[in-house]
Structure formats: structure tokens, C-alpha cells
**Q** 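So that we are looking at the same thing, I have put the structure below in C-alpha cells.
Letters A, B, ... are given to chains in the order of the sequence lines, protein chains preceding strands, and every chain is numbered from 1.
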2 protein chains.
Amino acid sequence: MELDSIDWAILAVLQENAALPIQAVGERVGLSTNPCWRRIKRLEEAGVIARRVAVLDPTKVGLPTTVFVAIRTARHDPEWLATFAAGVAAIPEITECHRMAGEVDYLLKLSVRDIAHYDRIYQRLISEVPGLNDVSSTFSMEAMKVSTAVPRPS
Amino acid sequence: MELDSIDWAILAVLQENAALPIQAVGERVGLSTNPCWRRIKRLEEAGVIARRVAVLDPTKVGLPTTVFVAIRTARHDPEWLATFAAGVAAIPEITECHRMAGEVDYLLKLSVRDIAHYDRIYQRLISEVPGLNDVSSTFSMEAMKVSTAVPRPS
DNA sequence: GATGAAAGCTGCTGTCC
DNA sequence: GGACAGCAGCTTTCATC
């Protein structure tokens, strides 16, 4: 689907604040309500807008700590991968899991209350998934920038 | 603010789909429209729900590649940090930046079109911010799990 | 004191120009 | 893309348990 400048202006607004009335979105991009609504509907139907979600304040819900976990493993067979994927999916504190190129095989991002909480998740993961030989975790001291918004590719 | 089981049920729903009418949210958590609406309003006013955002499909907007960049630096003075923070803030392809504990000083997450696109961002960053001695980037081959939702702390 | 029903009103949705 | 009309859903008030 082709996206023009106005589409990107709409996407920029909605990526920041999806609670705005369509009329307010239209004003910010120079469109009246109806054509703005039609564009948004088109973007949703095309799947460009995948979903609308509520973002919580990590501190206010008691999960202020972000941990990144780099995993290396000797196991790469499909059965092991299925076990690993199931374990990752079952632990809600794991918010992201990427299969990586390079030295590290998998990179996880977790949201936890504190180090003790992380340790419980860590113990759970290694007990559910065998063969996690090299697991190195690093804690975020400060989230300088955290955004779900992506720019128009230049 | 205290969050009970029903609040967490509401938050679980809204973290998955914030476009749902309040009545539908209420049905899923066993509440009629009015008390459900009051709880959501309370969660918003308390800042537990920080915002509502549209999440785009990275593939459909031409940014299918996720890159993690680990940075080590010898510079830690406030002036350097201000320059670094400004550079990070100014580059929209950088979606996250964390100041880390341990060996790595900063961890960045980027959304880019391809390796060439990443290289342009990389060049821009090191030209704007001096003293980035050790910059190692790793590409995500597959996003096995990506979520903005966090669980009720156990 | 919190819930559920019911009314008013804002803003979403579709048609026509 | 813009104007207008119909209507669904949000927001408030009031009675109830």
C-alpha cells in the first residue's frame, strides 16, 4: 500500500496518541473529519495500523526494571526450538524475544519488579528449557528513550 | 494506587486491544458499562494507563529490520551525555535507548529498512556524537515475541 | 458506598455533492 | 476532499441494593 505525506502525518499523530478524536487528528494534518476518518479506516484495513493498545506506566504497575538477556545455546534442533519458544511465550514478564545474527543466539527483554523478581523468572526459564548454557543478563539503569513509534523511512 | 484483580483484568484487555468499546471490555471482565468506565477513567487519571497508541506493522511501513546496538564509551561527563542524548532523541529510527549496568554503557534498539539504511543511521550517529569508541551492532533475524503488554506482578 | 439503569450528548460512520 | 444527517457509544445523573 502506498502511503503519502498525509498518511504519514496521520500515523505520526496516532502513534503518539490514539485516543484523539478524529476531528482533532484531522485538524493537525489539515483534513476535515470525514476524509481523515476514511484514511484511518483504509490504514486499518490494509493492516498498516496493526492494533491500538494501552501503554502502562511501568513504575505505577510495579515493574520498573528492564532487563536484557543474551542467550547462547548449543541446541538448534526443531524440538529444542519449540520448547524454547513455548517457554518464552508462557512467561509474560518476557516482553520481547529475538533470534539474533552473530555471537548471541537469542536476545530477550524483560519487565520485572527488581533483581529478586528477575531471578525467579531466570530460574523458571532455565528449568523449563534445557541447554541454555550461556545466559548473560544486563540491567537497564535508565530508559533514556522508549517509543513504539517508527518514522517515515527516508 | 491499589490495583485489584478486576483492574488487572481490564488492563490486560486494554493492553491487547484499546479500540474495544467499554461495553465489550466490561463483558470480558464481568462488569456493566458504568463501573467499567469509572475504573478505566480512574486508571487513566492515576497515570497507570500512560497513553493509548497505534502500533504499526513494521513490514507494511518498510521498516522490517530490528537492530540492537551496544555502545561503550570512555566519555562520561555531563556535556558528552547531553550531546549523546540529543543525538539519540533526534534520530527517529532509534526507538529505544537504555543506559546499562555492566560492560556495555548504552543499548540502542533501531527500526530500519535494511542494512544500508542502518549504516546511514550509524554514520549519522558517530558523526554527531564524538567518543563512541566501541559500537557493536547485532541484527534480529526473527522477532519471536514482541509485546508492549506487561503482566500483573506475581 | 458501589452498582445498574436511563437519558443527553459527543463523536463516529455513511451518503451525497 | 468537504458538508450534512443518522446513529452508536461515551459520559453523566439518578435511583437502588
**Q** Take the angle between the ring planes of Tyr118(A) and Tyr122(A) and call it parallel below 30°, perpendicular above 60°, tilted in between.
**A** tilted
**Q** Could Glu93(A) and Arg120(A) be called an ion pair, given the rule that one side-chain N must be under 4.0 Å from one carboxylate O?
**A** no
**Q** Flag the pair Arg39(B) and Asp7(B) as a salt bridge only when some basic side-chain nitrogen lies within less than 4.0 angstrom of an acidic carboxylate oxygen.
**A** yes
**Q** Under a criterion of less than 4.0 angstrom to any heavy atom of chain A, what are the 5'-terminal and 3'-terminal contacting nucleotides of DNA chain C?
**A**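 The contacted stretch runs from dC12(C) to dT15(C).
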**Q** Nearest 0.5 Å, what's the CG-CE distance between Asp105(A) and Met141(B)?
**A**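 These two atoms lie 12.0 Å from each other.
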**Q** To the nearest 0.5 angstrom, please state how far the CG atom of Leu108(B) sits from the CD1 atom of Ile71(B).
**A** 4.5 Å
**Q** Considering the options Ile40(A), Leu3(A), Ile22(A), which one meets the side-chain contact (heavy atoms from CB on, under 4.5 Å) requirement together with Ile10(A)?
**A**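 With Ile10(A) as partner, side-chain contact (heavy atoms from CB on, under 4.5 Å) holds for just one option, Ile40(A).
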**Q** Nearest whole Å is fine: how far is dT11(D) P from Arg42(B) CZ?
**A** 17 Å
**Q** According to salt bridge (charged side-chain N to carboxylate O under 4.0 Å, His left out), does anything in residues 59-86 of chain A pair up with another residue at least two apart or in another chain? List the pairs.
**A**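 Every salt bridge (charged side-chain N to carboxylate O under 4.0 Å, His left out) pair that includes a residue of residues 59-86 of chain A, provided the two are not neighbours, is Arg72(A)-Glu103(A), Arg72(A)-Asp134(A), Arg75(A)-Asp77(A).
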**Q** Output the rounded distance in Å from CH2 (Trp37(A)) to P (dC7(D)).
**A**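 The distance from CH2 of Trp37(A) to P of dC7(D) comes to 15 Å, rounded to the nearest Å.
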**Q** Checking side-chain contact (heavy atoms from CB on, under 4.5 Å) against Tyr106(B), which of Arg99(B), His98(B), Met100(B) comes through?
**A** Arg99(B)
**Q** Give me the residues of residues 13-35 of chain A where at least one heavy atom lies under 4.0 Å from an atom of DNA chain D, by number, or none.
**A**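 Leu31(A), Ser32(A), Asn34(A), Pro35(A), in order of number.
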**Q** Answer yes or no: does a side-chain N or O of Lys41(B) lie under 4.0 Å from OP1 or OP2 of dT12(D)?
**A** yes
